[in-house]
Amino acid sequence: MRTTMTRPERAARAAAAVVGAILVAGCGGGGSAQPGAAAPAVPSSPAPAPTAFGKEAVRADLAAATEAAGLPGKTTPLTPTRPASPDPADLPTTDRERARDEVVARMAECSVGWSLSNGPDSAQDPAEARKQFHAALAGLVERGWKEFRPVEEVPVGKGSMVMAQYKKQEWTLHARHVAGVLDMATMTATEDACGARFTDAELDLLED
């Protein structure tokens with residue numbers, strides 16, 4: 001798989017995996033979790049210069065498409081921040097964990113995400129949630145996002161996961177929806193030039 005993907009595409013996929021991991025761990029709530037929350041406060045590389053189609057425009061596209069589809073999740077803040085007083089028990093304890101948290105913080109500077117997580121007691125009908133997710137994907141297409149990889153559905157436990165990938169200008173977006181015991185959806189867009197700055201070793205940390 002990695003041999004067929006460019007580094008920006010790997011970075012976009014890794015950013016999507018980070019958002020998904022946060023939700024599975026129960027830290028995402030309604031999607032308001034901040035991917036760089038537990039990481040060092042200062043990224044080790046400068047943020048990319050603003051462009052005509054930047055994070056604000058991407059965030060607006062995600063918000064408009066999901067809201068029009070009736071999905072109640074939230075987009076991530078444009079500038080992630082860490083808690084004022086993190087729990088010492090949550091701090092990384094190994095060099096690898098600290099390195100991973102630093103990469104997560106840098107990745108947050110490159111990305112804009114949207115997420116939604118419903119627990120097993122949710123009243124949301126899985127079929128309706130999947131229908132809304134596809135409606136949100138259609139909304140992205142209406143806003144100029146072009147399908148980059150075909151929409152794919154794969155079995156996951158007692159349910160299934162739909163995955164899709166889109167591009168708009170210099171951004172790559174990964175979207176996925178898991179339907180089953182846990183209803184979870186994420187959409188993460190990553191700026192290609194920023195993602196290209198990550199080394200393969202750094203991306204390996206995010207994909208572990």
Salt bridge present between Arg98 and Asp101 (N-O < 4.0 angstrom):
no
Any salt bridge between Glu9 and Arg149, counting N to O under 4.0 Å?
yes
Does Arg106 qualify as a cation-pi partner of Phe198, given the criterion of NZ or CZ under 6.0 Å from the six-membered ring centre and within 45 degrees of its axis?
yes
Rounded at 0.5 Å granularity, tell me how far CD in Glu67 sits from CG in Leu62.
10.5 Å
Give a yes or no answer on whether the side chain of Thr66 reaches the backbone of Ala63 with a donor-acceptor pair at less than 3.5 Å.
yes
Worked check of side-chain contact (heavy atoms from CB on, under 4.5 Å) between Arg176 and Thr188
CA-CA 9 Å; Arg176 68 175 182 169; Thr188 307; over 6 Å; no
Minimum-distance pair of heavy atoms, taken over all atoms of Arg143 and Ala64:
NE-CB, 3.3 Å
Please find the pair of heavy atoms, one from Trp171 and one from Gly54, that lie closest to each other, and give the distance.
CZ2-C, 3.8 Å
What is the minimum heavy-atom distance between Ser160 and Arg130, and which atoms define it?
O-NH2, 3.1 Å
Take Glu191 and Phe53 through the test side-chain contact (heavy atoms from CB on, under 4.5 Å) and record every step on the way to the result.
CA-CA 10 Å; Glu191 200 268 331; Phe53 184 72; over 6 Å; no
My understanding is that only one of Thr190, Asp204, Thr172 makes a side-chain contact (heavy atoms from CB on, under 4.5 Å) with Arg10; could you say which?
Asp204
Spell out, yes or no, whether Val141 and Phe148 are grouped together once hydrophobic residues are joined by side-chain heavy atoms under 4.5 Å, including indirect joins.
no
How long is the span from the CE atom in Met161 to the NE2 atom in His177, to the nearest 0.5 Å?
11.5 Å
Hey, mind stepping through Leu116 and Met187 against side-chain contact (heavy atoms from CB on, under 4.5 Å) and telling me if it holds?
CA-CA 9 Å; Leu116 168 68; Met187 296 184 185; over 6 Å; no
Closest non-hydrogen atoms of Glu109 and Lys55, given as atom of the first, atom of the second and distance, are O-NZ, 3.3 Å
Please assess Phe133 against Val178 for the test side-chain contact (heavy atoms from CB on, under 4.5 Å), listing each intermediate value before the final yes or no.
CA-CA 10 Å; Phe133 180 75; Val178 179; over 6 Å; no
Compare every heavy atom of Arg100 with every heavy atom of Leu205, then report the nearest pair and how far apart it is.
O-NE, 3.2 Å
Assess the residue pair Ser115 and Thr186 against the criterion (side-chain hydrogen bond (donor to acceptor under 3.5 Å, both in side chains)); give the C-alpha distance rounded to whole Å, side-chain angles, the decisive distance to 0.1 Å, and a yes or no.
CA-CA 4 Å; Ser115 58; Thr186 62; over 6 Å; no
Distance-minimising heavy-atom pair for Val154 and Glu152
CG1-OE2, 3.5 Å
How many angstroms lie between atom OG1 of Thr6 and atom CG of Asp192, to the nearest 0.5 angstrom?
7.0 Å
CG of Leu203 to CZ of Arg7: how many Å apart, nearest 0.5 Å?
7.0 Å
